[in-house]
Amino acid sequence: MQSDPWADIGRAGGSLTLRRVDPLHPADFFWARDADGSCALVLVVSDGTTVDEPRPVLNGIRIIEAPDQDGKNAFVLVLKREEDRELFRHLCDDIVDACRSKAGDQAFLASTIRRAWKWHSLLRGGANQRLGPQEQQGLIGELLFLERLVNHLTPKAAIEAWRGPLDEPKDFVFSDRAVEVKARHASKDAVKISSEHQLQVVKGQQLSLAVVALSPSIAEAPGGISLDSLVQRVREAVITLDPSADVGFDARLLSASYSADHDYSDTWWVPVGTSAYGVGEGFPRIEATSLPEGVSMVTYWLRLDLCAPFEHAYDDLFHSEPSNE
């Protein structure tokens, strides 16, 4: 790695002070500082260059997309914390190197976004931690639902509907439906509800609770899945239908703190059943709107035997409205 590229760049008098990364590089990359003196990497592309892929939300880095002073478009990564400067330099070098073999502004922009996603798990913090058994179970439940959903929506639409890894209240939101997905041990007739918002009904939106029962299994038993094997299976299903959807899929996995750097082949499960419940008037739950002032972050266990009057066909989640609503 060469010397600090920002050391001899002064604070910008306007929006950014720029210095070309490499005059021989096919893409227009620039080291930069903004008016606050923050370090940045800038990719300049022609006006109208777009990439239909999700943008990462990077811990400690701000992404800005805006016209530059020459009427072109700039994709800018700005470092928020000076103490992360060395790590940010590694990220920038990786992005620049990944684009050396590309050709054309759209390819440069797409590669930059993809490499930013590759760094997402490291920069967001906590992704170096291996998912625990309960977290693995929960992600397996969501992936099994996504596997079904990609056959009813386009893969990109199904991935966009997968909101759980983004820390949103409902795991899936699509059309006029929201679905909260839970995985349970087959021996338990209850699921854990993690907040008062998970089963809160939003006006104009049908809400269902989907439950997947999992039974512990030995490695590679018939019908058995590990988290790693299921990730691979769903990825293959996604890219078979739309090869360009792999970036969005990997982005969601990273947001869910899943990393291929960890080995999850030591834990196997066999899905042994699914059930679905329409959440509406009379459904047993705690709602944010009913909590007394000062009470929040509520976690509780929901007995599924008491939800039986609200049960509907699992397939209804992907087609028509539940029959009891």
Side-chain angles (χ1 to χ4, degrees), residues 5-6 12 15-34 38-79 88-124 146 150 153-163 165-166 234-255 260:
W6 296 285
S15 57
L16 292 169
T17 298
L18 305 173
R19 182 168 62 81
R20 181 101 185 195
V21 169
D22 180 354
L24 299 180
H25 196 290
D28 291 328
F29 279 112
F30 297 86
W31 304 118
R33 284 187 185 270
D34 65 11
S38 299
C39 300
L41 177 71
V42 180
L43 170 65
V44 176
V45 296
S46 58
D47 184 33
T49 300
T50 60
V51 174
D52 183 21
E53 291 181 0
R55 274 50 169 171
V57 178
L58 297 168
N59 184 36
I61 295 175
R62 185 169 71 256
I63 292 180
I64 302 170
E65 295 183 77
D68 76 349
Q69 61 269 27
D70 297 322
K72 295 185 176 183
N73 289 331
F75 185 91
V76 187
L77 298 169
V78 182
L79 181 65
F88 182 57
R89 173 66 193 278
H90 283 286
L91 179 151
C92 294
D93 283 337
D94 184 56
I95 288 174
V96 171
D97 288 343
C99 289
R100 287 189 185 277
S101 61
K102 308 298 181 183
D105 283 350
Q106 187 170 33
F108 298 145
L109 180 57
S111 181
T112 296
I113 293 169
R114 288 174 181 234
R115 296 310 294 180
W117 273 119
K118 293 296 184 183
W119 281 78
H120 176 274
S121 60
L122 178 62
L123 294 171
R124 73 192 292 266
L146 178 66
V150 297
L153 303 176
T154 66
K156 285 184 178 178
I159 292 166
E160 177 62 26
W162 186 17
R163 313 303 295 176
L166 304 181
V234 177
R235 177 181 282 108
E236 290 175 356
V238 165
I239 63 177
T240 296
L241 294 169
D242 183 355
S244 68
D246 64 327
V247 174
F249 179 63
D250 286 340
R252 285 294 194 269
L253 289 174
L254 288 170
S255 293

Restricting to non-hydrogen atoms, name the atom on [X] and the atom on [Y] that form the minimum distance, rounded to 0.1 Å.
| X | Y | answer |
| --- | --- | --- |
| Ala32 | Leu16 | CB-CD2, 4.3 Å |
| Arg252 | Pro165 | O-CB, 3.5 Å |
| Pro26 | Cys99 | CG-O, 4.0 Å |
| Leu109 | Arg55 | CD2-NH2, 4.3 Å |
| Leu41 | Cys92 | CB-SG, 3.6 Å |
| Ala27 | Leu43 | CB-CD1, 4.1 Å |

- request: Applying side-chain contact (heavy atoms from CB on, under 4.5 Å), run through Cys39 and Arg33 and close with a yes or a no.
  value: CA-CA 5 Å; Cys39 300; Arg33 284 187 185 270; 4.0 Å; yes
Student check: side-chain heavy atoms of [X] and [Y] closer than 4.5 Å:
| X | Y | result |
| --- | --- | --- |
| Arg114 | Val51 | no |
| Leu18 | Val42 | yes |
| Val76 | Asp34 | no |

For the atom pair [atom1] ([X]) and [atom2] ([Y]), what is the distance rounded to the nearest 0.5 Å?
| X | Y | atom1 | atom2 | value |
| --- | --- | --- | --- | --- |
| Thr50 | Asn73 | OG1 | CG | 9.5 Å |
| Thr49 | Asp47 | OG1 | CG | 7.5 Å |
| Ile63 | Ile113 | CD1 | CD1 | 8.0 Å |
| Phe30 | Arg19 | CZ | CZ | 11.0 Å |

message: Which residue in the set Asp250, Asp97, Asp94 passes salt bridge (Lys or Arg N to Asp or Glu O under 4.0 Å) when paired with Arg115?
response: Asp94
task: Test Trp162 against Leu253 for side-chain contact (heavy atoms from CB on, under 4.5 Å), laying out the working first.
output: CA-CA 10 Å; Trp162 186 17; Leu253 289 174; 4.2 Å; yes
task: Identify, with sequence neighbours excluded, every residue that meets ring pair (Phe, Tyr, Trp, His ring centres under 6.0 Å) alongside Trp6.
output: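 Residues passing ring pair (Phe, Tyr, Trp, His ring centres under 6.0 Å) with Trp6: Trp31, Phe88.
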task: Could you go through the side-chain contact (heavy atoms from CB on, under 4.5 Å) check for Asp28 and Phe108 one step at a time?
output: CA-CA 9 Å; Asp28 291 328; Phe108 298 145; over 6 Å; no
- request: Keeping the roles fixed (side chain from Asp105, backbone from Ser46), state whether a donor-acceptor pair exists under 3.5 Å.
  value: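 Present.
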field: Side-chain donor or acceptor of Thr240 paired with backbone N/O of Glu236 under 3.5 Å
entry: yes
message: Between Asp22 and Arg100, does any NZ, NE, NH1 or NH2 come within less than 4.0 Å of an OD or OE carboxylate oxygen?
response: yes
- prompt: Run the side-chain contact (heavy atoms from CB on, under 4.5 Å) check on Leu146 and Phe249 step by step: do they pass?
  reply: CA-CA 10 Å; Leu146 178 66; Phe249 179 63; 3.8 Å; yes
